[in-house]
2 protein chains.
Amino acid sequence: MHATLRDANPPLTRSVEDYLKAIYHLSNQGGFAATSDIAAMLEVAPPSVSGMVKRLSEAGLIEHVPYRGVQLTAQGRRAALRMIRRHRILELYLTQQLGYDWGGVHAEAERLEHAVSDELIDRMAGALGNPQYDPHGDPIPTATGEIEEAELVSLADAGVGTKLELRQVGTQDPARLRYFADQGLTPGVLLTVTARQPFNGPTTIGLVPSGDPRVVGRELALVLWCREVPVTDRGYAGR
Amino acid sequence: MHATLRDANPPLTRSVEDYLKAIYHLSNQGGFAATSDIAAMLEVAPPSVSGMVKRLSEAGLIEHVPYRGVQLTAQGRRAALRMIRRHRILELYLTQQLGYDWGGVHAEAERLEHAVSDELIDRMAGALGNPQYDPHGDPIPTATGEIEEAELVSLADAGVGTKLELRQVGTQDPARLRYFADQGLTPGVLLTVTARQPFNGPTTIGLVPSGDPRVVGRELALVLWCREVPVTDRGYAGR
DNA sequence: CTTCAACATTAGACTATGCTAATTTGAGGA
DNA sequence: TCCTCAAATTAGCATAGTCTAATGTTGAAG
Ligand SMILES: [Mn+2]
Ligand SMILES: [Mn+2]
Ligand SMILES: [Mn+2]
Ligand SMILES: [Mn+2]
């Protein structure tokens with residue numbers, strides 16, 4: 001037994017768990033999560049991310065390509081999905097059983113997700129009837145780490161009348177990205193498809209909840225990847 | 001504005017909160033909590049306690065008399081009672097609402113007490129009908145930091161048939177302390193008063209749950225300070 | 001093919017918390 | 001009174017995580 005085998009599976013710290021979750025959310029579709037995006041999401045300085053990235057990749061939780069970004073390994077993905085399961089079950093439980101509204105519940109879950117045991121999460125899930133979706137409509141990973149991958153549709157293909165959450169902006173072009181940001185079209189935004197003109201015409205949408213209309217040409221609409229949201233959704237707060 | 005006034009009220013860390021709770025439990029009745037007892041309760045090495053004691057007294061949370069021990073200041077006591085309120089409400093909620101048994105609930109509460117918000121604690125307390133006692137019979141401090149001081153009775157004065165929790169051994173004599181320990185009479189032990197002989201005679205007790213009998217002479221019984229426990233109590237696990 | 005600005009990383013410092021080993025202290029027993 | 005020993009403290013080191021300032025890298029614009 002080598003002395004270098006210190007402790008194969010030390011429990012993850014709160015910081016590590018939050019980094020893994022952030023990387024999961026930022027590296028959808030096999031992409032890389034950028035240092036500065038992780039820093040922005042966790043509200044830490046970029047060098048703090050570089051330091052953590054070193055530790056996480058030494059621990060086998062992520063792959064790091066210098067100056068490009070990071071991706072989760074299978075092990076890191078398992079850990080991230082475990083946290084996402086906890087977070088979503090907690091938000092659902094606090095909302096349905098303790099009268100929380102959607103404003104306060106995210107911050108509470110953000111802390112509790114690191115402190116609850118697997119047993120408590122399973123008991124909460126049981127009390128809720130083992131739900132498959134959280135109140136945002138996001139799928140809740142199973143205890144064994146499977147998640148129903150929300151398949152994304154391009155805004156150009158989405159049905160008129162559907163409600164969507166913008167999930168990914170599939171371009172790297174800074175001018176286009178800047179334009180989308182100006183229009184309020186950033187990941188996480190909710191919208192409804194109001195109309196679409198024929199012959200590859202533009203799609204008209206309304207932002208939720210403001211109702212502000214936007215008209216998006218086909219070329220741009222093709223790169224706006226969205227998730228369909230159940231219409232039973234009420235508002236949106238937190239992530 | 002002095003630069004030395006860094007941050008008047010930084011949030012307390014998990015370690016700090018656990019130290020304050022331990023000191024509260026160890027320094028009943030205006031006594032001092034000893035370094036080695038704190039270390040044993042928190043399962044850390046004694047020098048770790050010395051280090052934390054320095055920080056806590058610089059923060060105004062405790063008073064330290066070198067080589068004697070520590071006591072909570074008013075501020076430290078407030079913080080400790082806040083944690084005890086959280087812990088006891090959590091144990092009650094997990095037991096009554098989520099089917100926990102008394103074995104697992106203490107460890108869960110020990111972690112969650114640091115992560116929950118005041119709002120969540122108040123909601124849990126509300127869902128339980130704002131209880132005044134936890135299932136051990138211990139009083140739950142109010143949100144404003146008041147606690148019903150469990151008044152202690154000497155074993156020599158306790159009524160026959162009452163159920164007691166040994167809370168304090170009021171002697172410093174090593175020989176007597178060793179004897180009590182040999183008899184299994186250490187703080188936290190539950191017992192029932194079986195009989196008392198007349199003319200300042202000995203008290204006969206039964207340990208709970210083993211039922212083992214003990215006979216304690218008046219001189220010794222006088223220094224065993226106990227809290228009366230409601231007879232509805234079921235078992236005892238955790239602290 | 002340069003140049004530059006944004007992004008990433010490295011360097012160096014600091015806090016909180018823990019450990020082991022060495023030293024100091026104080027109180028009870030000879 | 002003095003000795004001894006358990007308890008407490010100090011000294012020195014380690015790890016995790018954060019920061020600011022300095023430096024390195026890359027890709028896009030000219
Ligand atoms: Mn959330
Ligand atoms: Mn979190
Ligand atoms: Mn407990
Ligand atoms: Mn605790």
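Letters A, B, ... mirror the listed sequences (proteins, then strands); counts begin at 1.
One interatomic measurement links the two molecules: NE2 of B/His114 to P of C/dA16, which rounds to 18 Å at whole-angstrom precision. Rounded to whole Å, atom P of C/dA8 lies 13 Å from atom CD1 of A/Ile62.
Shown are A/Leu166, A/Asp212, A/Leu190; of these, the side-chain contact (heavy atoms from CB on, under 4.5 Å) with A/Leu207 is made only by A/Asp212. Between A/Glu113 and the choices A/Arg85, A/Arg82, A/Arg86, A/Lys21, the salt bridge (Lys or Arg N to Asp or Glu O under 4.0 Å) rule is met once, by A/Lys21.
Donor-acceptor pairing under 3.5 Å is recorded for the side chains of B/Glu108 and A/Ser117. Residues B/Thr144 and B/Glu146 bring a donor and an acceptor atom of their side chains to less than 3.5 Å of each other. For the residue pair A/His114 and A/Asp18, a side-chain donor N or O sits within less than 3.5 Å of a side-chain acceptor on the partner.
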Could you write nucleotides 6-18 of chain D as a row of B, S and -, 5' to 3', where a protein heavy atom under 4.0 Å of any base atom gives B, of only sugar-phosphate atoms gives S, and otherwise -? --SBB------BS
